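One structure is given here, and the rest of the page talks about it.
These numbers come from the heavy atoms of this one structure, side chains and all, not from hydrogens, waters or symmetry mates. Since this is a predicted model, take the numbers as computed values, not measurements.
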Amino acid sequence: MDYNFAEIEKKWQAWWAENQTFRVQVAPDKPKFYVLDMFPYPSGAGLHVGHPLGYIASDIYSRFRRLRGFNVLHPMGYDAYGLPAEQYAIQTGQHPEVTTAANIQRYRQQLDKLGFSFDWSREVKTCDPAYYKWTQWVFIRLFNSFYSYEKNKALPIAELVQAFEASGAAGLHVACGKELSFSAADWHAMSEKEKQETLMNYRLAYLGDTMVNWCAALGTVLANDEVVNGVSLRGGYPVEQKVMRQWCLRVSAYAERLLNGLDDIDWTVSLKETQRNWIGRSEGAEIHLPLTPSKGGGTGTLQKETGVPRKGVPHYHTTGKLYWNSNIDNARAMRKSPTQAENILWEMLRAKNMGYRFRRQHLIGNFIADFVCLEKKLVIEVDGGHHKAAGQKEYDEQRTCFLNEHDFYVLRVTNEEVLADTAAVLQKITRRLNVPPSSGGGRGEVVVFTTRPDTIFGVTFMVLAPESDYVPEVVTPRQQQAVNDYLASAKRRTERERMSGHKVTGVFSGSYALHPLTGEPLPVWISDYVLAGYGTGAIMAVPAHDSRDYAFAKQFGKELRAQLGGKDPVVPLIEGCDVSMESFDAKEGKMINSPQAGCPCRLTLNGLDVQEAIAKTKEYIEEYDLGRIRVNYRLRDAIFSRQRYWGEPFPVYYDACGMPQALPEEALPLELPEVDKFLPTGTGEPPLSRAAHWAWDSVRKKVVATADIDNKTVFALERNTMPGFAGSSAYYLRYMDPHNEEALVSRENNEYWRNVDLYIGGTEHATGHLIYSRFWNKFLFDLGVVCESEPFKKLINQGMIQGRSNFVYRIQNTNTFVSLNLKDRYDVTPLHVDVNMVSNDVLDVDKFRAWRPEFAGAEFILEDGKYLCGWAVEKMSKSMYNVVNPDDIVEKYGADTLRMYEMFLGPLEQSKPWDTNGIDGVHRFLKKYWRLFFEGDAFAVSDEPAGTQELKILHRLIKKIQVDVENFSFNTSVSAFMIGVNELAELKCRKRAILQPLTVLLSPFAPHICEELWSLLGRSGSIADAAFPEYEEKYMVENSFEYPVSFNGKLRFKKTLPLGIPAREIEAAVLNDEQSAKYMEGKTPKKVIVVEGKIVNVVV
RNA sequence: GCCCGGGUGGUGGAAUAGGUAGACACGCAGGACUUAAAAUCCUGUGGGCAGUAAUGUCCGUGCGGGUUCAAUUCCCGCCCCGGGUACCA
């Protein structure tokens, strides 16, 4: 009987659907296994043969696990929101919902033909209100949460409000946009709007000002890859950098956990590495550089009085050499052993929420001040018990007098005060700090971030990002015009342009900062090679050890030299480093060139290697309070607003103050409104602005007509929508409990299914979906909604299936085509030809003539009576005419053949071209396997016991398949099946004892044919519920081995010997073999190597 | 530039705790069955040289070195291809 795949496949697909074979439920007595595919975006083009690759692999694995006794969750759904449907809607006016539904239907039809074991009862669609209700729900939770670094988790925003009410922003270690400082009193004094604005700085979903590519002509924001050379890809309209208020997710708060979590999951090295780079952790230091006195707060006159020359002295040196030497050790000792009260106060002050920097046990003249803020000239003295002693009182007075004379204000607090009511003390300090300064303004310093503090002595200038907050502060009136011009030109350059163009540009701000260690003046420049979004948006430039700084110093060398009083801005610090060499950004080598005697700073790095120098400099920075050790991340917050129609609406309205408010959770889902057109409005407002019903009645708690907005009880709803990654961030959780109306996922379901054991998908989501999903999951973990901190335990990236294009060669200016191997004799143009008209690279000339009218009269120059096409591997796409539709393959060969052939093509994770040519081999294999069961037309499986030979073949195969599938080596499994079936066919094996287990073994790969044979074998139910056969070593034992015998490493002959005999007997047997004499040429062997069961090598 | 991954017949690919390179397929060539085609089956198939032949022999896993009885596999230095990322201080 012939293998009628079409009939068999149709029959079993219907049977599975009818019997709900793949429906799963929580089963606490069974081990679970969760296999997930990245759900597809249902595009209009349908599936091509590359799409199912990952689905086939995951299906084989799911079925395999099920045979091994696991309760397998293997769901499928659709990532249904997206741009193509919206653009199609703009062009045709068709509602995206309609086209999306049609595409989903087509996808489903195609998927159903392939015999997947999906539990379709759990299907999700991201555009379904019942689904996106939970996307909106998570958003509200994010909006109502902040991140505590102390507890290392997200907490309700209400707790933050409580903290503000009690003690303001002091001492809080939380994730925020800007470090704010305000007291409890300040908080209470804020208006409701101010409070909301303040909270926005801490929410995990927040409205933030972000830099976007704005195209006024199109009325929309463009992604980076939609902008080319400063104009829009579509239409070529000008694009500018614009600050826009957009919803953002504070992903950066989770940077550390996202990084550390990678250690606990089984992903490929390269994917983990990509995520690590994306998160971009770097350890370094933040260093404060005071601006010169003329601009920032003055450093006073103490230095003059104490006899130290002004020039070359750091601003924080408020004492002279004499007093320094006699007092510094005392001060250090006091820093190291603070009292409890001092400690508490210091922690509060140094948290920097005060907005000013404090130093402790700081030398001023001949005195040591407990705490001092140099900018505000404020000294805080914490009085312990001994301050009451008579002599001490006098001394204190003397000191206060000295300090007052030098413009310091002395604030005295007692130990008890601090311990009893820290908040009150802080309030006292804050009040004093808020006294307006007598002259000047601003913080008077610039903070930089560096990973190379060891190069601090090579700093010769500073550079700020154009968007830096410092810029307005440092620009001098003289430079104002030049800076304005520069900022305007920088704005016009998009971010991408900045990166690609290597033109070095910049402008001098007019200000100087002071080198924190040597006191040398450093000119402050502005340049777009410094990014506002990374670190502090300001850098210390070390041209001798950073190629970018070097390029800048080269470009502006003349100006810099003049600003540095004729000195060379390039100061090499590392031995053997030379800027003329390629790699002068050295990270190895000995430090040289620390400042010479006469410099007031006590740091010397000479002789240390880079790592030691970094550590020592960091220590120095901490000790002298010039900054702090800091870890910085490259990972930025995710922009979460899109000016689009086809996406999830934000469950947010804007109250009378214009501040966003979350809808009550009971009001969800907030459904996407109808609009008349899907375009942005003429004024550049998002499409939802067109909705007639898009206002929130806060009393009736429902959506009402936009016209009813009164800003008293009826308010405008948010008109942006969420981006693509919103809906895909938690879909794996929803599959666990897809119909739950009360919760995203119930505790029971979540605790059973936990997380995804195996996730298969493309590598293109490495830094998008796979980061956001992990973030989203960790947030839900903090909330206690889910019980696992990582969503995807093991992840495999399937490789891309590339296209294999075919070409014909047209002779120039003719309608004649010449076959591949004759084309060099003519002047030809290669043309893509549809691969579906080509078989084994031979063109079907009649189909070709019928393909297009211009080819109707085509003439061919053949070779050997055939037209041979050329070929090339290219992306599979319509324009290359190399798209192969799985439906066509299924029709011609069946789904089982397609499934096995896709696996046979090569290793799952490797990219490889699709070539339909090889498919016959796999199809032949299935026919051969089918024939094992038949004698002519009769099903002829016998119940005779199996022979040794047959059992050996079977058990070897079981072992091989088990090991290969566990290792996702599906291509070698298919070969193993071919070998096994070839061997059994040779033995004419028709025995049930062999064929029945073989059928179970093959069923994950070719489920339809196996179901059919399973039922012919008289088994009831689905083969999916069979048990995977166990292999037994005893059937695999060999008792002899054919040893390859080599002489001097060259294989000469083979000799079969029994296994288990001692090595020396093997050696003797080999040397006595008559063939050996020939290769030994009468000499005695120097050495004979015998590896039992492997090889014999004779060294002559 | 930096970080990953990879270079094996005409093609897709096997084989690495170092141990018979090219499994399994495709293609190709020849043959059987057939009026013919399809289907099926059999044989050969990395390259060179010698031989009518069986066979023998040398060369072969990107290139050049090294370690070893033995290297596709380990080490050093290059070249090329694919992917990610990019003024990240």
At under 4.0 Å between heavy atoms, what does [X] touch on the DNA or RNA strands: base, sugar-phosphate, or nothing?
{"X": "Thr763(A)", "value": "nothing"}
{"X": "Val1091(A)", "value": "base"}
{"X": "Asp841(A)", "value": "nothing"}
{"X": "Ile539(A)", "value": "base"}
{"X": "Lys1086(A)", "value": "nothing"}

Which value, in whole Å, describes the distance between the [atom1] atoms of nucleotides [N] and [M]?
{"N": "A89(B)", "M": "A17(B)", "atom1": "C1'", "answer": "44 Å"}
{"N": "U73(B)", "M": "A15(B)", "atom1": "P", "answer": "16 Å"}
{"N": "G60(B)", "M": "A53(B)", "atom1": "C1'", "answer": "26 Å"}
{"N": "G27(B)", "M": "G12(B)", "atom1": "C1'", "answer": "11 Å"}
{"N": "U8(B)", "M": "U72(B)", "atom1": "P", "answer": "15 Å"}
{"N": "C79(B)", "M": "U52(B)", "atom1": "P", "answer": "49 Å"}
{"N": "U16(B)", "M": "A25(B)", "atom1": "C1'", "answer": "22 Å"}
{"N": "C24(B)", "M": "G9(B)", "atom1": "C1'", "answer": "14 Å"}

Are a donor atom and an acceptor atom from the side chains of [X] and [Y] found within less than 3.5 Å of each other?
{"X": "Tyr3(A)", "Y": "Thr897(A)", "value": "no"}
{"X": "Thr505(A)", "Y": "Tyr486(A)", "value": "yes"}
{"X": "Asp637(A)", "Y": "Ser252(A)", "value": "yes"}

Among [options], the one nearest [X] by side-chain distance:
{"X": "Arg634(A)", "options": "C88(B), A89(B), G19(B)", "answer": "C88(B)"}
{"X": "Tyr1079(A)", "options": "U57(B), A89(B), C69(B)", "answer": "U57(B)"}
{"X": "Thr972(A)", "options": "A14(B), C69(B), A86(B)", "answer": "A14(B)"}
{"X": "Arg1052(A)", "options": "C58(B), G19(B), C24(B)", "answer": "C58(B)"}
{"X": "Asn1097(A)", "options": "C87(B), A70(B), C41(B)", "answer": "A70(B)"}
{"X": "Thr451(A)", "options": "G27(B), A23(B), A89(B)", "answer": "A89(B)"}

[N] phosphate, OP1 or OP2, under 4.0 Å from [X] side-chain N/O:
{"X": "Arg276(A)", "N": "G84(B)", "result": "no"}
{"X": "Thr274(A)", "N": "G83(B)", "result": "no"}
{"X": "Lys927(A)", "N": "A39(B)", "result": "no"}

To the nearest angstrom, how far is [X] atom [atom1] from [N] atom [atom2]?
{"X": "Ile771(A)", "N": "U85(B)", "atom1": "CD1", "atom2": "C1'", "result": "13 Å"}
{"X": "Arg452(A)", "N": "C88(B)", "atom1": "CZ", "atom2": "C1'", "result": "15 Å"}
{"X": "Asn967(A)", "N": "A14(B)", "atom1": "CG", "atom2": "P", "result": "13 Å"}
{"X": "Ile1066(A)", "N": "G19(B)", "atom1": "CD1", "atom2": "P", "result": "18 Å"}
{"X": "Asp2(A)", "N": "A38(B)", "atom1": "CG", "atom2": "P", "result": "16 Å"}
{"X": "Leu635(A)", "N": "A86(B)", "atom1": "CG", "atom2": "P", "result": "13 Å"}
{"X": "Phe970(A)", "N": "A14(B)", "atom1": "CZ", "atom2": "C1'", "result": "17 Å"}
{"X": "Phe1041(A)", "N": "G19(B)", "atom1": "CZ", "atom2": "P", "result": "13 Å"}

Item to check | Flag, side chain of Asn840(A) to backbone of Val842(A), donor-acceptor distance under 3.5 Å | outcome: no

Next on the checklist: Tell me whether Arg634(A) forms a cation-pi arrangement with Trp278(A), defined as NZ or CZ under 6.0 Å from the six-membered ring centre and within 45 degrees of its axis.
Outcome noted: yes

Checklist outcome for this item: Minimal heavy-atom distance between Lys892(A) and Phe5(A), with the atoms involved, is O-CZ, 3.2 Å

Checklist entry - What is the minimum heavy-atom distance between Ile456(A) and Met540(A), and which atoms define it? => result CA-CE, 4.0 Å

Item to check | Contact pattern, 5' to 3', of nucleotides 1-13 of chain B - B, S or - by protein heavy atom under 4.0 Å | outcome: --SS-------BS

Next on the checklist: Counting the benzene-type ring for Trp, do Phe461(A) and Phe552(A) have ring centres under 6.0 Å apart?
Outcome noted: yes

Checklist entry - Aromatic rings Phe933(A) and Tyr929(A): how do their planes relate, parallel, tilted or perpendicular, breaks at 30° and 60°? => result perpendicular

Checklist entry - Start at the 5' end of RNA chain B and walk down; is the nucleotide closest to Ile1095(A) or to Asp920(A) reached first? => result Ile1095(A)

Checklist outcome for this item: Nearest-nucleotide check on RNA chain B, Met978(A) vs Tyr534(A); residue mapping nearer the 5' end is Met978(A)

Next on the checklist: Can you tell whether the side chains of Asp263(A) and Arg276(A) come within less than 4.0 Å, N to carboxylate O?
Outcome noted: yes

Checklist entry - Are the charged groups of Glu983(A) and Lys952(A) less than 4.0 angstrom apart, N to O? => result no

Checklist entry - Dot-bracket for RNA chain B, 5' to 3', with Watson-Crick and G-U pairs under 3.5 Å, [ ] for crossing pairs and | for other-strand pairs: what is it? => result (((((((..(((......[....)))((((((.......))))))(((((....)))))..(((((..]....))))))))))))....

Checklist entry - Can G9(B) be described as syn, meaning its chi torsion is within 90° of 0, or is it anti? => result syn

Item to check | Given Asp454(A), Thr450(A), Thr455(A), the one that forms side chain to side chain donor-acceptor pair (under 3.5 Å) with Arg452(A) | outcome: Asp454(A)

